[in-house]
There are 2 protein chains.
Amino acid sequence: MWKLGDLWMSYVKEILALLREKEYKLTPQRKIIIQAFFDNMEKHLSAEDVFNIVSQDHPEIGLATVYRTLDLLAELGILKKMNFGDNKFRYEFCPEKDNHHHHHLICLNCNKVIEFEDDLLESLEALIAKRIGFHVVDHQLKVFGFCKNCKENLQDI
Amino acid sequence: MWKLGDLWMSYVKEILALLREKEYKLTPQRKIIIQAFFDNMEKHLSAEDVFNIVSQDHPEIGLATVYRTLDLLAELGILKKMNFGDNKFRYEFCPEKDNHHHHHLICLNCNKVIEFEDDLLESLEALIAKRIGFHVVDHQLKVFGFCKNCKENLQDI
DNA sequence: CTTAGTGCAAAACCTTTGCAACTCT
DNA sequence: AGAGTTGCAAAGGTTTTGCACTAAG
């Protein structure tokens with residue numbers, strides 16, 4: 001078990017250091033938005049989600065700032081910009097480079113997103129590189145279906 | 001080698017039969033839009049792409065009709081609605097149920113989309129079903145990177 | 001005939017941009 | 001002090017909707 005404090009110490013400080021290093025300013029808005037992701041670790045927040053969260057305590061923060069901050073954090077590799085097919089971008093903390101990728105199981109009924117770790121795909125990447133000459137940078141796997149709960153409650157699937 | 005005529009006979013007639021069966025009308029607009037996908041088999045068309053294609057010979061067809069038809073065809077399982085992260089939906093013919101899935105290699109430089117067939121993922125699906133109790137209906141794999149051409153022409157990757 | 005489908009224009013929705021005011025460093 | 005950042009409002013791009021009109025069955 002980890003304590004939030006520890007995470008904050010190691011992870012957020014790292015983020016802030018990265019901003020400082022690249023000569024971006026450490027504005028309160030940016031800190032607040034990063035905090036929002038820590039408070040919602042497991043979720044995949046859209047820009048509007050973030051805006052609603054930070055608005056509760058900081059109604060002065062504008063939506064455009066949220067968008068600009070998310071773009072910046074994605075560019076720095078801190079957040080990962082993804083798309084679950086609802087035609088809006090969602091963001092989550094980018095897994096460390098040396099970590100295994102995690103993927104997403106998306107329930108077609110309740111829209112819950114379950115994370116799933118697996119490294120079966122590493123061998124697929126090697127295959128692609130060899131067979132097609134494609135230099136793989138990243139991959140995303142989305143699996144659609146019905147989660148345990150919904151599967152049990154639905155008759156018609 | 002196949003002839004286009006044969007495909008049309010077997011595939012389009014099947015689509016039109018499905019529409020008739022579900023009591024949807026076989027309007028000229030719908031036929032024209034289906035034809036546009038046959039003329040662009042290998043591509044992943046957005047609604048606007050389709051609109052531009054059909055407008056050449058049929059400028060009277062409205063954009064809203066294109067959207068409505070694409071929605072309908074996706075709902076019937078004839079087209080597959082996908083999203084390559086450019087925040088617009090793209091469509092392609094839905095692979096037959098018993099076919100292997102194909103996946104997409106997306107070049108981060110020239111945005112070309114290369115299709116890739118593989119069934120490594122079948123075993124992953126079984127794993128998910130067992131480990132998490134998730135009933136898998138479909139999956140999508142997107143691989144981002146640089147295609148052979150761009151890899152050779154770029155210094156800085 | 002009757003109801004689904006169409007075309008147009010307007011609205012809705014998410015995201016980006018221009019600009020004056022502001023604030024981190 | 002000065003460059004980067006913000007908030008607001010307006011604009012941009014994609015998709016959806018309302019409505020009168022048309023056409024397939």
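All chains are named by letter (A, B, ...) in the order of the sequence lines, taking the proteins before the strands, and each is independently numbered beginning at 1.
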>> Could you check whether any side-chain N or O of A/T65 sits under 3.5 Å from a backbone N or O of A/I61, counting only pairs where one atom can act as donor and the other as acceptor?
In response: no

>> Rounding to an integer number of Å, can you tell me how far B/K88 NZ sits from D/dT16 P?
In response: 14 Å

> What about A/H139 and B/F144, are their ring centers closer than 6.0 Å?
Replying inline: no

> Just how far, in rounded Å, is C1' of C/dT25 from CD of A/E21?
Replying inline: 16 Å

> OH of A/Y67 versus C1' of D/dA11: gap in Å, rounded?
Replying inline: 14 Å

> Taking the side chain of A/Q29 as heavy atoms from C-beta outward, which of D/dT6, C/dT15, D/dT14 is closest to it?
Replying inline: D/dT6

> Got B/F116 and B/L141 here, is their nearest side-chain heavy-atom distance under 4.5 Å?
Replying inline: no

> Hey, which of these two, A/E48 or B/T69, hits DNA chain C nearer its 5' end, going by closest nucleotide?
Replying inline: B/T69

> Is A/K43 paired with A/D49 through a side-chain N to carboxylate O contact shorter than 4.0 Å?
Replying inline: no

> B/E60 near the nucleic acid: base, sugar-phosphate alone, or nothing, with a heavy-atom cut-off under 4.0 Å?
Replying inline: sugar-phosphate

> Using a distance-only test with no angle check, is there a side-chain donor-acceptor pair under 3.5 angstrom linking A/Q140 and B/H104?
Replying inline: no

>> What is the separation between atom CG on B/N83 and atom C1' on D/dT14, rounded to the nearest whole Å?
In response: 11 Å

> Once you round it to whole Å, what is the distance between P of C/dT23 and NZ of A/K31?
Replying inline: 15 Å

> Can you tell me how far C1' of C/dT15 sits from CG of A/D86, to the nearest Å?
Replying inline: 14 Å

> Rounded to the Å, how far apart are B/E75 CD and D/dT15 P?
Replying inline: 17 Å

> Expressed in angstrom and rounded to an integer, what is the separation of A/E23 atom CD from D/dT5 atom C1'?
Replying inline: 15 Å

>> Within the 4.0 Å limit for protein heavy atoms, which parts of nucleotides 18-25 of chain D are touched? Write it as a string from 5' to 3', B for base, S for sugar-phosphate only, - for none.
In response: B-----BS

> DNA chain D: A/G62 or B/F89, which has the more 5' nearest nucleotide?
Replying inline: A/G62

> B/T65 side chain: which of C/dT15, C/dG7, D/dT15 is closest?
Replying inline: C/dG7

> Among side-chain atoms of B/Q56 and B/N52, is any donor-acceptor pair under 3.5 angstrom?
Replying inline: no

> Quick one: NZ on B/K112 to CG on B/L105, what's the gap to the nearest 0.5 Å?
Replying inline: 10.5 Å

> Base, sugar-phosphate alone, or nothing: which one does B/D71 contact when heavy atoms must sit under 4.0 Å apart?
Replying inline: sugar-phosphate

